[in-house]
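Here is the structure we will look at, set down as C-alpha cells.
In this text the structure is predicted, and so the values were computed from the model without any measurement.
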Amino acid sequence: MSDWVLVVDDDVSNLKMASRILAEADLRVSCLKSGMDALKFLQANRPDIILLDIHMPGMDGFETIGAIRENEEMADIPVIFLTADEDTETETRGLQSGAVDFIKKPFVPEVLLTRIRHTIDLMRLQTSLSQEVEKKTKEVVRQQEKIERVFVQVVNALAGAIDAKDSYTNGHSSRVAGYSEKIAGQLGLSEEEKSNIYIMGLLHDVGKIGIPDSIINKPSRLTDEEYAVIKKHPVLGAGILENITEFPKLHIGAKWHHERYDGKGYPDGISGEEIPMEARIIAVADAYDAMSSKRSYRDVLPQNVVRAEIEKGKGTQFDPAFADAMICLIDQDTEYTMRET
C-alpha cells in the first residue's frame, strides 16, 4: 500500500501542485484547506505524514500542530511545515512545536519527495526500534521473573532442609519469614523491603546446617559446651550467605537475629539501632514463633501469654516499635491462627 500524505494549505494552487507531485510518485494524497478540517479528518483517518502550512486563516499551523500533539491517537504522526518564510524564528518555533522538518514554498519536486520519504522511513525505523526494545525488555523481564522464582524456590527448599534438622521446629523458618513480612507491613515498609525481609527470615537459621544433629535434637537441657556450639550458628549462617554477592544484605538476619535491644545478645553484643532493622524485626518474629509453636517439653503457649512476653521484652529483648507492631498483629488475630498447627 502506498504511503499516505495529508496536505493542509489554504492556497488551492499549492494543494494542486503538491497533489500532482506526490501522485506522480505513487503516493496517496489527501488535501484539505484548513487546520480545523485537518483535525476533523484525523479523527477518523491516519495518514503516514502531514504537510502543514503555517500561515492559514482561522487556525494557523502552530495552533493545528498543538492540537495534534495533544491528542494521543494522532500525536505521533510526523508533521512537516510548509512555509515561504526565511526567518530562523519561525523555524525555531516550528521545531519547538513538534514539527520534524520544513519545506520551502514554492515546492521543488525532488526536495519535497526526498524529505517526505526520508521522514517516513525515519519514523518507521524509530517505531521498529521501539517495538524491538519493548520486545527485548519483556523478554528480559520474563527471564528476571523466572530467575526470581527459581531463587525463591531454592531458598524455600534450603529453609525446609534447615528445619528438617530440628525435629521440634518443623516449618519454623517459613513462619518466621511470614511474621517478619507482616511486621514490616505494619511499619509501612515498601514491597521490596518486605520481600527482602521475607527471604532473610527464611534463611535466618541457615547456620544450623553446621551444628551437629545430636545437639539440635537433644531432648534434655544443653550443657554449657553444647549451648556454646548452638550460639555459633549466626556466624556460620552469615559466612554462608555473605558469599551471595548479588544480595549483599542477605546475611543480616542470619547474623544478628539473636542480638538484643539492650545489648545482651549474641554474637556481637550490639544494641539498639546498631542492630540492623531487618535483624530487629526477625528477632521479634523468631521469639513469637518459638512461643507459639510446640516444643519437646511443652505445647503451644496461650496467645495471652505470648502477648505478655512480647510486651515484657519491649526495650530489653526487642525494639519497642517492632514489638508494638507484633502486638498489633496479635490483637488482630482473634482466632489465634498465627501459630504452629
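Note on Lys105 versus Asp9: salt bridge recorded, some NZ/NE/NH1/NH2 to OD/OE distance being below 4.0 Å. Looking at Glu139 and Lys136, a side-chain N of the basic residue comes within less than 4.0 Å of a carboxylate O on the acidic one, giving a salt bridge. Ion pair Arg93/Glu89 not flagged as a salt bridge, since none of the NZ, NE, NH1 or NH2 atoms sits closer than 4.0 Å to an Asp/Glu carboxylate oxygen.
A 4.5 Å side-chain heavy-atom check between Asp319 and Ile275 finds every atom pair outside the cut-off. With contacts defined as side-chain heavy-atom distances shorter than 4.5 Å, the pair Ile327/Lys314 qualifies. Within the 4.5 Å cutoff, the side chain of Val300 has no heavy atoms near those of the Val306 side chain. Between Ile211 and Leu236, the closest side-chain pair of non-hydrogen atoms falls below 4.5 Å. Inter-residue side-chain proximity for Thr64 and Val8 is flagged as unmet; no heavy-atom pair is nearer than 4.5 Å. With a 4.5 Å cut-off on side-chain heavy atoms, Leu112 and Leu51 count as touching. The shortest distance between side-chain heavy atoms of Met338 and Gln332 does not fall below 4.5 Å. Here the side chains of Asp48 and Val5 are not in contact, with every heavy-atom distance at 4.5 Å or above.
In terms of hydrophobic clustering, with Ile, Leu, Val, Met, Phe, Trp and Tyr side chains grouped at heavy-atom distances under 4.5 Å, Val155 and Ile282 are assigned to a common cluster. Under a hydrophobic-cluster definition in which Ile, Leu, Val, Met, Phe, Trp and Tyr are linked whenever side-chain heavy atoms come within less than 4.5 Å, directly or via other members, Leu82 and Leu52 are assigned to different clusters. Placement of Ile49 and Phe41 in two distinct hydrophobic clusters is found when ILVMFWY residues are connected by side-chain heavy-atom separations under 4.5 Å, directly or transitively. Linking ILVMFWY side-chain heavy atoms closer than 4.5 Å, directly or via other members, places Met59 and Met56 in a single hydrophobic cluster. Placement of Ile244 and Ile240 within a single hydrophobic cluster is found when ILVMFWY residues are connected by side-chain heavy-atom separations under 4.5 Å, directly or transitively.
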Determine, stepwise, if the pair Leu113 / Phe107 fulfils side chain to side chain contact (heavy atoms under 4.5 Å, CB included).
-> CA-CA 10 Å; Leu113 292 171; Phe107 306 126; over 6 Å; no
- [ ] Given side chain to side chain contact (heavy atoms under 4.5 Å, CB included), test Leu189 with Met277 step by step and report yes or no.
- [x] CA-CA 11 Å; Leu189 300 187; Met277 174 190 69; 3.9 Å; yes
Just do the side chain to side chain contact (heavy atoms under 4.5 Å, CB included) check on Ser30 and Leu6 with the steps written out, would you? CA-CA 5 Å; Ser30 295; Leu6 172 63; 4.0 Å; yes
Margin query: Set out, in order, the CA-CA distance, both residues' side-chain angles and the distance that settles side chain to side chain contact (heavy atoms under 4.5 Å, CB included) for Leu158 and Ile209, then state yes or no.
Written below: CA-CA 10 Å; Leu158 182 56; Ile209 287 177; 3.8 Å; yes
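Across all their heavy atoms, Pro57 and Asp10 have their closest contact at CD-OD2, 3.4 Å. Of all the heavy atoms in Val229 and Pro212, the pair that sits closest is CG1-CD, 4.1 Å. Contact record, Gln186 with Cys328: OE1-SG, 3.3 Å, taken as the closest heavy-atom pair. Considering all non-hydrogen atoms of both residues, Gly237 and Val206 come closest at CA-CG1, 3.5 Å. Summarising the geometry of Ala23 relative to Val29, their closest heavy-atom pair is N-CG2, 4.1 Å, with the distance given to 0.1 Å. Here the closest non-hydrogen pair linking Ser19 and Cys31 is CB-SG, 3.9 Å.
Interatomic distance, CG of Leu125 versus CD1 of Ile120, reported as 13.5 Å (0.5 Å rounding). Between His204 atom NE2 and Met200 atom CE the span is 13.5 Å, to the nearest 0.5 Å. Note: Tyr336 OH to Gln303 CD = 6.0 Å, rounded to the nearest 0.5 Å. We find the CD1-CD1 distance between Ile80 and Ile50 to be 10.5 Å, quoted to the nearest 0.5 Å. In this structure, the separation between CD on Glu340 and OG on Ser293 is 4.5 Å, given to the nearest 0.5 Å. Considering CD1 of Ile281 and CD1 of Ile197, their distance stands at 3.5 Å, rounded to 0.5 Å.
Using cut-offs of 30° and 60° for the angle between ring planes, the Phe81 and Phe102 rings count as tilted. Using cut-offs of 30° and 60° on the angle between ring planes, the pair Phe151 and Phe247 is tilted.
At distances below 3.5 Å, not a single donor-acceptor pair connects side-chain atoms of Ser128 with backbone N or O atoms of Arg124. Distance alone, capped at 3.5 Å, places no donor-acceptor pair between the Arg260 side chain and the Gly315 backbone. Remark: side-chain polar atoms of His118 are not paired, donor with acceptor, to backbone N or O of Arg115 under 3.5 angstrom. Under the 3.5 Å distance criterion, the side-chain polar atoms of Arg307 are left unmatched by any main-chain donor or acceptor of Asp331. Side chain of Glu226 to main chain of Ile215: no donor-acceptor pair is present (N/O by atom type, distance under 3.5 Å, no hydrogens or angles). At distances below 3.5 Å, not a single donor-acceptor pair connects side-chain atoms of Glu70 with backbone N or O atoms of Ala67. Here the side chain of Asp60 pairs no donor or acceptor atom with the backbone of Ile54 at under 3.5 angstrom. Side chain of Asp333 to main chain of Leu329: no donor-acceptor pair is present (N/O by atom type, distance under 3.5 Å, no hydrogens or angles). Side-chain atoms of Arg46 come within 3.5 Å of backbone atoms of Glu73 as a donor-acceptor pair (strictly under, hydrogens ignored). With Arg69 contributing its side chain and Gly98 its backbone, the two residues share a donor-acceptor pair below 3.5 Å.
For Lys194, the NZ atom sits in a packed shell: over 12 heavy atoms of surrounding residues, nucleotides or ligands are nearer than 6.0 Å. For Lys312, the NZ atom sits in a loose shell: 12 or fewer heavy atoms of surrounding residues, nucleotides or ligands are nearer than 6.0 Å. The local environment of CZ in Arg298 is crowded, with over 12 non-hydrogen atoms from other residues, nucleotides or ligands closer than 6.0 Å.
Counted by atom type alone, His172 and Asp286 present one or more donor-acceptor pairs between their side chains at under 3.5 Å.
Taking the six-membered ring for Trp and the full ring otherwise, Phe318 and Tyr261 have centroids separated by 6.0 Å or more.
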